[in-house]
Amino acid sequence: MAPQFSLPRKVFPLPFSRLISSSAANHQATPSRPSIGSPARIHKLIAAQSDPLLAKEIFEVASSLRPNLPLHPSSLHSVILKLARAGHLSAASALLRRLPSPSPALLSSVFLAFSRHRRPDLALSAFRRILSSPSSSSPPRPKLFRRLLSALAAHRSSLPVALSLLKSSASFGVPDSVRAHNVLIYAFARSGNVAVAYSLFNRIFTVGLAPDVTSYRILMQALCRKSQVGTANDLLDDMLNKGYVPDSLTYTTLLNSLCRNKRLHEAYKMLCRMKVRGCNPDIIHYNTVIVGFCREGRLLDACKVIEDMPDNGCLPNLVSYTTLIHGLCLRGLYDQGHGYLEVMVGKGLIPHFSVFHALAKGFCSVGKVDEACRVLETMLTKGVAPHVETWDLLVAGICDDDREKLEDCVRKVVNEEEWRRSTRIIQVGCGLEGYSTRRSGTGTRNGLEGYMTRRSRTGARNGY
């Protein structure tokens, strides 16, 4: 008789709710074991879920299985945060209503999530519900109120509501503060409504407070964006007369605005007085003034600023020299620009290839091919790959001047392994070939022309 084999039964996966229910039913048969895990274990399970809807289902199933033993409040907090950050705002708001008195930390995070998903009205509704809740005995914390203002102020349509809340904050127990005013001053200034921002700035004095450095800086930035530099300077003087020390960002804003409005004398005067007023100028302040001088063609003043920087405890950087050299090249002062290039390279600052190209182009345009070759030599020595236009300029200039010198230079570039890797010698050879052909009027390839053509073909076969 043949042995009988029984096929294994196929197991179908159960949904999470039935799985927990069947597990609870099995556990009820043994009274010594709990029906489900401990609250801490359930909280870990919820926190580990990446899907917010699955975390919500775990919380609801676990709550239904143990109605007499509530879960830890942090479990519900985790579910609410997961839903709000994922965009399930209705579900997050529904769970938030189940909390009689949510923690300020939870509300702050939820307000931020509502604002990021363009629903600041939900944050306002949650705040008003907390104010009207009978379990809320203490007034809201100022930090939570500022977070609500930030959530509303992030959207232009909610700015009137935020302004109304600020003016009525004393009615629900939140005292007036400078930081709350700064939130709305920044919001209205960013939206271009400088008049309302200025009125809020004056309201700080009305409620018996004094603006801080941030209040002045925000308003000055708004005025500078509107090109009202004179009013911003008046605010700076008022700030100094009241004993405040402007920070670095405040001076950066004013210097930039003065330079853009071509008030360079005032900008330089402010730069010189910064140290006396308690703020040491840094590299950003100096570079702002250098850019302003170079933009208006006042290169001698820009050179003076760079030369005075080490005496004031600030060394020029790559941006400082690059800006000045470009400005000098635009005005045809190539020798001065080359001098600053040598100073720059001597300090270990390697500029962009465009700086070398500007100098080489300038020298070639005035017939100073030797100086252009020195610029190219410095460029290659420092490992900067020349652009093909730089080679074209030098080839044309040297061919007009000295053909033997060109051959020596090209041989040097071709034979140097390091330079050959970073130079498109094939393009240079083709350009030189075409140039020489046009000059001689014949198609013969002899001398340097044939040499370059042969090396170009060799380089192509070798992968250069």
Side-chain angles (χ1 to χ4, degrees), residues 146 150 177-190 192 194 197-198 200-201 204 209-296 298 301-324 327 344 347 349:
R146 292 197 302 270
S150 299
S177 65
V178 178
R179 297 179 66 181
H181 282 76
N182 288 344
V183 171
L184 292 191
I185 291 174
Y186 176 76
F188 280 103
R190 185 185 57 183
V194 184
Y198 213 107
L200 284 172
F201 179 82
I204 297 177
L209 300 174
D212 57 5
V213 177
T214 305
S215 309
Y216 280 100
R217 185 184 70 243
I218 294 173
L219 191 56
M220 281 190 280
Q221 287 175 340
L223 292 170
C224 289
R225 281 194 293 267
K226 294 291 184 179
S227 298
Q228 301 180 17
V229 191
T231 310
N233 274 333
D234 295 339
L235 271 179
L236 178 65
D237 294 336
D238 179 68
M239 186 179 182
L240 293 170
N241 293 333
K242 291 180 179 178
Y244 292 101
V245 178
D247 57 4
S248 175
L249 186 57
T250 302
Y251 279 112
T252 302
T253 303
L254 290 173
L255 288 173
N256 186 44
S257 183
L258 288 171
C259 291
R260 288 187 177 276
N261 286 273
K262 301 181 181 181
R263 300 169 66 170
L264 300 175
H265 178 72
E266 298 178 39
Y268 183 70
K269 187 177 178 181
M270 181 180 293
L271 181 68
C272 295
R273 292 183 177 180
M274 281 179 61
K275 193 171 185 179
V276 181
R277 293 174 173 177
C279 181
N280 292 326
D282 57 17
I283 189 63
I284 298 177
H285 302 131
Y286 283 107
N287 286 344
T288 302
V289 177
I290 291 172
V291 170
F293 279 134
C294 291
R295 187 187 293 127
E296 297 302 319
R298 298 176 57 175
D301 295 328
C303 294
K304 186 178 185 305
V305 172
I306 281 192
E307 292 170 359
D308 292 343
M309 285 177 66
D311 296 335
N312 296 324
C314 184
L315 297 178
N317 64 355
L318 191 65
V319 178
S320 309
Y321 285 112
T322 300
T323 304
L324 182 59
M344 181 182 183
K347 294 181 179 180
L349 301 174

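Just so you know, these numbers use all the heavy atoms, side chains as well, and skip hydrogens, waters and symmetry mates.
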### Task
Output the distance between atom CG (Leu254) and atom SG (Cys224), rounded to the nearest 0.5 Å.
5.0 Å
### Task
Could you tell me whether the side chain of Asn241 and the main chain of Asp237 form a donor-acceptor pair under 3.5 Å?
yes
### Message
Using modelled atom types and a 3.5 Å cut-off, is there a donor and acceptor pairing between side-chain atoms of Asn312 and backbone atoms of Cys314?
### Response
no
### Task
Answer yes or no: is there a donor N or O on one side and an acceptor on the other, between the side chain of Tyr244 and the main chain of Pro211, under 3.5 Å?
yes
### Query
Looking only at heavy atoms, which two atoms of Ala267 and Cys259 are closest? And how far apart?
CB-SG, 3.9 Å
### Query
Going from OG1 on Thr250 to CG on Leu235, what distance comes out if it is rounded to the nearest 0.5 angstrom?
10.5 Å
### Message
Let's go through Tyr216 and Asp238 carefully: what are the C-alpha distance in whole Å and the side-chain angles of both, what is the deciding distance for side-chain contact (heavy atoms from CB on, under 4.5 Å) to 0.1 Å, and is it a yes or a no?
### Response
CA-CA 10 Å; Tyr216 280 100; Asp238 179 68; 2.9 Å; yes
#### Entry: Spacing of CZ belonging to Arg179 relative to OG1 belonging to Thr214, to within rounding of 0.5 Å
9.0 Å
### Query
Tell me, do Phe293 and Lys304 make a side-chain contact under 4.5 Å, heavy atoms counted?
no
### Query
Does a side-chain heavy-atom distance below 4.5 Å link Met270 with Val289?
no
#### Entry: Closest non-hydrogen atom pair between Ala302 and Leu324, with its separation
CB-CD1, 3.9 Å
### Contact check, side chains of Val213 and Val245, non-hydrogen atoms, under 4.5 Å
no
### Query
Would you find a donor on one side and an acceptor on the other, under 3.5 Å apart, between the side chain of Ser257 and the backbone of Thr253?
no
### Gap separating the SG atom of Cys272 from the CE atom of Met274, nearest 0.5 angstrom
10.5 Å
### Enclosure of Tyr186 OH (heavy-atom neighbours >12, cutoff 6.0 Å)
no
### Query
From Ile290 CD1 over to Met309 CE, what is the distance, rounded to the nearest 0.5 angstrom?
5.5 Å
### Task
Provide the closest heavy-atom pair for Leu255 versus Thr288 in the form atom of the first, atom of the second, distance.
C-CG2, 4.0 Å
### Contact check, side chains of Met239 and Pro246, non-hydrogen atoms, under 4.5 Å
yes
### Message
Please check this pair: side chain of Asn317 against backbone of Val319, looking for a donor-acceptor N/O pair closer than 3.5 Å.
### Response
yes
#### Entry: Any Asn233 side-chain heavy atom under 4.5 Å of Glu266 side chain
yes
#### Entry: Any donor-acceptor N or O pair under 3.5 Å, side chains Asp308, Tyr286
no
### Task
Decide if atom CZ of Arg260 counts as having more than 12 heavy atoms of other residues, nucleotides or ligands within a radius under 6.0 Å.
no
### Query
Roughly how far, to the nearest 0.5 Å, is NE2 of His265 from CG of Asp301?
10.5 Å
### Task
Verify the neighbour count for atom NZ of Lys226: are there more than 12 heavy atoms of other residues, nucleotides or ligands below 6.0 Å?
no
### Summary
What one should report as the nearest heavy-atom pair of Met220 and Leu236 is SD-N, 3.9 Å
### Query
Just wondering, are more than 12 heavy atoms of other shown residues or ligands nearer than 6.0 Å to CD1 in Ile284?
no
### Residue pairs, two or more places apart or on separate chains, that pass salt bridge (Lys or Arg N to Asp or Glu O under 4.0 Å) and touch residues 267-277
none
## Note on the structure
When Asn256, Thr252, Asn280 are each screened for side chain to side chain donor-acceptor pair (under 3.5 Å) with His285, the one that passes is Thr252
